[in-house]
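Below: the structure, in structure tokens.
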Amino acid sequence: QVQLVESGGGLVQPGGSLRLSCAASGSIFSIYAMGWYRQAPGKQRELVAAITSGGSTNYRDSVKGRFTISRDNAKNTVYLQMNSLKPEDTAVYYCHAQVVNTTLPLPRDYWGQGTQVTVSS
């Protein structure tokens, strides 16, 4: 089994910063893409940023220039540095990873439990 554990959410004022972390553990053979999604109340879950094992990144337009995704392959950890936060960034943020585990040689999707980010004055 594979687990994703997130940390770093919280309450921040507009213009502030937060850093999210997500560590994968368990029966991991390799990890392909990792990323962050978010879901605000009454809205669908949306991709925020993703990063491949080689370091290529992809961002949704509304966070470009403000958010930075990175990963430490040795630690099976992905990060999301969020700067210049806006109230519309308020959501539950979910970590995602495509993992090949040690028992099944095909990539599967795994999700973290979610961490709340609230941007408010």
Side-chain angles (χ1 to χ4, degrees):
Q1 191 58 278
V2 174
Q3 300 83 36
L4 301 182
V5 178
E6 301 138 339
S7 60
L11 172 64
V12 64
Q13 292 186 341
S17 298
L18 283 174
R19 188 189 194 214
L20 306 182
S21 300
C22 172
S25 63
S27 305
I28 298 170
F29 178 75
S30 65
I31 302 179
Y32 291 177
M34 302 184 80
W36 292 93
Y37 288 69
R38 67 187 181 188
Q39 187 167 19
K43 295 188 177 181
Q44 289 187 331
R45 189 173 296 189
E46 61 186 21
L47 174 67
V48 177
I51 184 168
T52 67
S53 57
S56 297
T57 58
N58 180 42
Y59 297 91
R60 70 179 303 103
D61 287 346
S62 61
V63 308
K64 286 180 180 177
R66 300 188 298 121
F67 291 9
T68 302
I69 189 169
S70 60
R71 65 190 281 176
D72 184 333
N73 290 332
K75 296 181 179 180
N76 291 332
T77 299
V78 63
Y79 307 96
L80 185 67
Q81 177 66 44
M82 303 185 293
N83 299 328
S84 302
L85 282 160
K86 305 176 180 180
E88 51 263 43
D89 295 317
T90 296
V92 178
Y93 283 68
Y94 296 91
C95 175
H96 167 262
Q98 291 178 321
V99 180
V100 177
N101 63 38
T102 56
T103 59
L104 184 67
L106 291 173
R108 295 180 60 186
D109 291 326
Y110 291 89
W111 294 89
Q113 79 283 1
T115 184
Q116 178 70 45
V117 171
T118 302
V119 184
S120 175
S121 55

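Since we're looking at a predicted model, the values are computed, not measured. Computed over heavy atoms, backbone and side chain alike; hydrogens, waters and symmetry mates excluded.
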Q: Carefully, step by step, assess Gln116 and Thr90 under the rule side chain to side chain contact (heavy atoms under 4.5 Å, CB included).
A: CA-CA 8 Å; Gln116 178 70 45; Thr90 296; 4.0 Å; yes
Q: Report the C-alpha distance between Tyr79 and Asp72 in whole Å, list the side-chain angles of each, state the deciding distance to 0.1 Å, and finish with yes or no for side chain to side chain contact (heavy atoms under 4.5 Å, CB included).
A: CA-CA 8 Å; Tyr79 307 96; Asp72 184 333; 4.2 Å; yes
Q: Would you please test Phe67 and Leu18 for side chain to side chain contact (heavy atoms under 4.5 Å, CB included) and show each step?
A: CA-CA 10 Å; Phe67 291 9; Leu18 283 174; over 6 Å; no
Q | Trace of the side chain to side chain contact (heavy atoms under 4.5 Å, CB included) decision for Val99 with Asn76 | A | CA-CA 10 Å; Val99 180; Asn76 291 332; over 6 Å; no
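Taking CZ from Arg19 and CG from Leu80, the interatomic distance works out to 10.0 Å, rounded to the nearest 0.5 Å. To the nearest 0.5 Å, atom OG1 of residue Thr68 and atom CZ of residue Arg66 are 11.0 Å apart. Leu47 contributes atom CG, which lies 9.5 Å from atom NE2 of His96 (distance to the nearest 0.5 angstrom). For the atom pair CG (Leu11) and OG (Ser120), the distance works out to 6.5 Å, reported to the nearest 0.5 Å. Note that CD1 of Ile69 and OH of Tyr59 are 6.5 Å apart. Values are rounded to the nearest 0.5 Å. In this structure, Thr52 OG1 and Tyr32 OH are separated by 12.0 Å, a value rounded to the nearest 0.5 Å.
For Arg60, the CZ atom counts as densely surrounded, since its 6.0 Å shell holds more than 12 non-hydrogen atoms of other residues, nucleotides or ligands. Environment of CD in Glu88: crowded, with over 12 heavy atoms of neighbouring residues, nucleotides or ligands closer than 6.0 Å.
Using a 4.5 Å cut-off on side-chain heavy atoms (C-beta onward), Asp89 and Arg38 make contact. Residues Ile28 and Val2 are in side-chain contact: their nearest non-hydrogen atoms beyond the backbone lie under 4.5 Å apart. For the pair Val119 and Gln13, the minimum side-chain heavy-atom distance is 4.5 Å or more. The shortest distance between side-chain heavy atoms of Glu6 and Tyr93 does not fall below 4.5 Å.
Of the possible polar contacts, none joining the Arg71 side chain to the Gly54 backbone as a donor-acceptor pair under 3.5 Å is found. Distance alone, capped at 3.5 Å, places no donor-acceptor pair between the Thr57 side chain and the Ile51 backbone.
Connection of Tyr110 to Val100 is not established within any shared hydrophobic cluster, with ILVMFWY side chains joined at heavy-atom distances below 4.5 Å, either directly or through further cluster members. Follow the hydrophobic side-chain contacts under 4.5 Å out from Met34 and you never reach Tyr94; the two are in separate clusters.
Summarising the geometry of Ser53 relative to Asn73, their closest heavy-atom pair is O-ND2, 3.2 Å, with the distance given to 0.1 Å. Pro14 and Ser121 make their closest contact through CD-N, 3.7 Å (heavy atoms, listed as atom of the first residue, atom of the second, distance).
Residue pairs meeting the disulfide bond (SG atoms under 2.5 Å apart) criterion with at least one partner in residues 43-72, sequence neighbours excluded, do not occur; the list is empty. The disulfide bond (SG atoms under 2.5 Å apart) pairs that include a residue from residues 62-121 are Cys22-Cys95, where partners are two or more places apart or lie in different chains.
The aromatic rings of Trp111 and Tyr37 lie perpendicular to each other, with more than 60° between the two planes, well past the 30° mark.
At a threshold of 4.0 Å, the pair Asp61-Lys64 counts as salt-bridged, since one of the basic side-chain nitrogens sits closer than that to a carboxylate oxygen.
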